[in-house]
Protein chains: 2
Amino acid sequence: MATVQLPDHDASADASAPAFSPLYQQIKALITKSLQGGEWKPGEAIPSEMELAARYKVSQGTVRKAIDELSAENLLVRRQGKGTFVATHAEQQVQFRFLRLMPDDGERGGVERRFLDCRRLRAPADVARALELKSGDTAVQVRRLLFFRGRPVVLDDIWLPGHLFKGLTAERLSEYKGPMYGLFESEFGVRMIRAEEKIRAVAADETSAELLALTPATPLLSVERLSFTYGDKPVELRRGLYSTASHFYRNELS
Amino acid sequence: MATVQLPDHDASADASAPAFSPLYQQIKALITKSLQGGEWKPGEAIPSEMELAARYKVSQGTVRKAIDELSAENLLVRRQGKGTFVATHAEQQVQFRFLRLMPDDGERGGVERRFLDCRRLRAPADVARALELKSGDTAVQVRRLLFFRGRPVVLDDIWLPGHLFKGLTAERLSEYKGPMYGLFESEFGVRMIRAEEKIRAVAADETSAELLALTPATPLLSVERLSFTYGDKPVELRRGLYSTASHFYRNELS
DNA sequence: ACGCATTTGTTCGTATGTATT
DNA sequence: TAATACATACGAACAAATGCG
């Protein structure tokens with residue numbers, strides 16, 4: 001049963017405090033908690049609406065509204081006739097869900113990766129701040145290249161909290177087929193559900209120019225991504241350099 | 001009443017044809033048509049859910065679901081206790097709804113504009129293609145600068161279909177207080193509801209460098225925006241150059 | 001090939017709560 | 001306080017998609 005099920009009114013209610021939340025929001029929170037706790041794993045089906053309604057002692061429509069919102073937030077995926085499933089990064093359909101770079105001509109074909117580096121070290125101050133680590137905490141740094149049609153296009157510098165990614169090595173990264181966030185999900189139980197990006201234009205330095213096979217000072221997109229898991233906890237800082245000679249960053253406004 | 005209300009099945013139904021749509025989708029289409037036709041103007045309230053239910057001879061819940069989607073798409077705005085309103089660009093709250101550039105420190109303060117140019121001419125081939133104009137059709141070209149805290153940060157080159165914007169002049173642009181899309185709405189009846197952006201990194205040329213008060217070859221964000229009105233009709237092509245020395249393009253992924 | 005059970009999707013109706021005027 | 005409008009919640013019925021026997 002939902003915890004504080006609408007106790008008529010609260011006579012001591014004061015202004016500007018939420019103090020109450022609709023039933024379906026409470027159900028939504030309970031479902032989110034189960035997701036966070038790993039009761040249902042990515043790719044799996046959650047119980048049917050009827051079962052959840054019975055479990056929480058609410059109507060099916062209330063469960064439905066909770067799931068509607070979770071599915072709008074891409075935490076769940078509904079499939080008519082089959083059930084409702086926990087969203088996953090390890091699926092063909094939505095592969096590279098977070099990668100917005102597109103080739104000038106047509107669709108994005110196969111993407112190859114090359115991992116340059118993967119090591120554990122004390123998090124630099126700015127990384128520690130972004131990931132909400134204590135100074136001195138260890139972080140994992142991964143550097144990699146992405147190739148579109150054989151050409152290097154993206155150079156990523158990725159920072160992860162060390163305590164969440166024990167045992168992450170370049171080998172495991174290389175072996176794993178599919179998106180990196182799929183590996184994080186299945187091997188480390190860390191699920192990226194949202195991210196914020198800050199995009200700038202910068203000039204390529206010597207190193208990145210060589211890796212991306214272009215001349216120094218070429219303008220590049222600098223994409224700094226902060227990724228969050230449940231509860232808006234930051235769990236990845238990713239600094240990418242994108243070559244936009246024959247690709248562009250695609251965005252939808254509405 | 002909605003037109004083709006679920007004619008059981010179509011015996012001749014073939015694969016991959018829609019051939020049917022839920023009632024609430026039909027209602028949504030009817031409401032969209034009224035919006036497009038100008039029956040309710042930006043900022044105005046549309047009829048209440050009950051009234052619409054009566055008009056279309058469906059239940060309130062069905063109208064509600066249609067409005068839910070339209071409001072999720074930012075075509076309508078619901079306000080509890082007051083009604084449902086047609087979204088507008090001419091409001092303080094959502095001003096610069098489409099501008100994603102943010103200063104490195106804190107919030108975006110007041111933005112000043114300076115219009116450099118506004119003229120009518122035959123649309124260049126690439127512009128005509130993007131705006132779906134016939135070759136030879138006239139277009140309006142607007143060039144302007146945006147200033148953040150007194151400093152020039154954005155240089156926009158804007159192209160509009162000539163036949164929709166008769167009488168648009170630099171004076172009218174300058175006189176109008178508020179976002180340009182607000183002017184388009186109220187003076188020309190053209191409502192931007194969606195846009196696609198292609199973002200690249202480029203080097204500043206002589207002209208843009210001077211206008212943005214920086215040195216040539218400085219990396220800049222190139223933001224090409226194609227804006228759409230109802231029915232996914234393109235009605236604006238905007239090419240922006242953003243200085244990202246102390247600002248960044250902010251994006252949310254989910 | 002057919003039917004059946006399961007699950008989500010759609011639609012209706014009704015009642016009550018909350019916000020605004 | 002009352003009227004109005006959107007928001008929440010319940011219940012019920014049927015449709016459509018899927019998978020199994």
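First the proteins, then the strands, lettered A, B, ... as listed; each starts at 1. Note that the structure is predicted; figures quoted are calculated from it, not measured.
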Could I get a table of every N or O pair under 3.5 Å where one atom is in the protein and the other is in nucleotides 2-4 of chain D?
none

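Remark: B/R79 is positioned above the aromatic ring of B/F85, its terminal NZ or CZ atom under 6.0 angstrom from the ring centre and at most 45 degrees off the axis.
Side-chain atoms of A/R194 never come within 3.5 Å of backbone atoms of B/S254 as a donor-acceptor pair (strictly under, hydrogens ignored).
Contact annotation for A/G83: backbone-only contact, meaning every heavy-atom pair under 4.0 Å involves sugar-phosphate atoms and none involves a base.
To the nearest 0.5 Å, atom CG of residue A/D68 and atom NZ of residue B/K65 are 6.5 Å apart.
Side chain A/Q80 to base D/dA16: a donor-acceptor pair is found below 3.5 Å.
Distance from the side chain of B/V58 is smallest to C/dC12 among D/dA5, D/dA9, C/dC12. Comparing D/dT8, C/dT10, D/dC6 by their closest approach to the side chain of B/Y24 singles out C/dT10. Among C/dT8, C/dT10, D/dC10, the nucleotide with an atom closest to any side-chain atom of A/S59 is D/dC10.
Two residues, A/Q60 and B/Q60, neighbour DNA chain D, and the one matched to the more 5' nucleotide by heavy-atom proximity is B/Q60.
Phosphate contact (OP1/OP2 of D/dA17, side-chain N/O of A/R79, threshold under 4.0 Å): absent. Remark: B/T62 is not in phosphate contact with C/dT10, judged by side-chain N or O atoms under 4.0 Å from OP1 or OP2. Put simply, A/K82 has no side-chain N or O that comes within less than 4.0 Å of OP1 or OP2 on C/dT6. The phosphate of C/dT7 has neither OP1 nor OP2 within less than 4.0 Å of any side-chain N or O from A/T84. Between D/dA7 and B/R64, a contact under 4.0 Å exists linking OP1 or OP2 to a side-chain N or O.
Note: NZ (A/K65) to C1' (D/dG11) measures 17 Å, nearest angstrom. Atom CD of B/E49 is separated from atom P of C/dG13 by 15 Å (rounded to the nearest Å). Following rounding to the nearest Å, A/K28 (NZ) and D/dT8 (P) show an atom-to-atom distance of 11 Å. Whole-Å rounding puts the B/K57 NZ to C/dG13 P distance at 13 Å. Following rounding to the nearest Å, A/D68 (CG) and D/dA7 (P) show an atom-to-atom distance of 15 Å. In this structure, CG of A/L23 is placed 13 Å from C1' of C/dT16, rounded to the nearest angstrom. The CG atom of B/L70 sits 14 Å away from the P atom of D/dC6 (whole-angstrom rounding). One interatomic measurement links the two molecules: CD of B/E51 to C1' of D/dC6, which rounds to 13 Å at whole-angstrom precision.
The pair B/D105-B/R149 counts as a salt bridge, with a side-chain nitrogen and a carboxylate oxygen less than 4.0 angstrom apart.
Here A/S246 pairs with nothing under the side chain to side chain donor-acceptor pair (under 3.5 Å) rule; sequence neighbours left out. Not counting sequence neighbours, B/E112 has no partner by the salt bridge (charged side-chain N to carboxylate O under 4.0 Å, His left out) test.
Under the side chain to side chain donor-acceptor pair (under 3.5 Å) test applied with A/S227, the options A/E197, A/E236, A/R238 reduce to a single match, A/E236.
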Give the C-alpha distance, both sets of side-chain angles, the deciding distance and a yes or no for salt bridge (charged side-chain N to carboxylate O under 4.0 Å, His left out) between A/K198 and A/E224.
CA-CA 5 Å; A/K198 296 181 177 181; A/E224 180 176 294; 5.0 Å; no
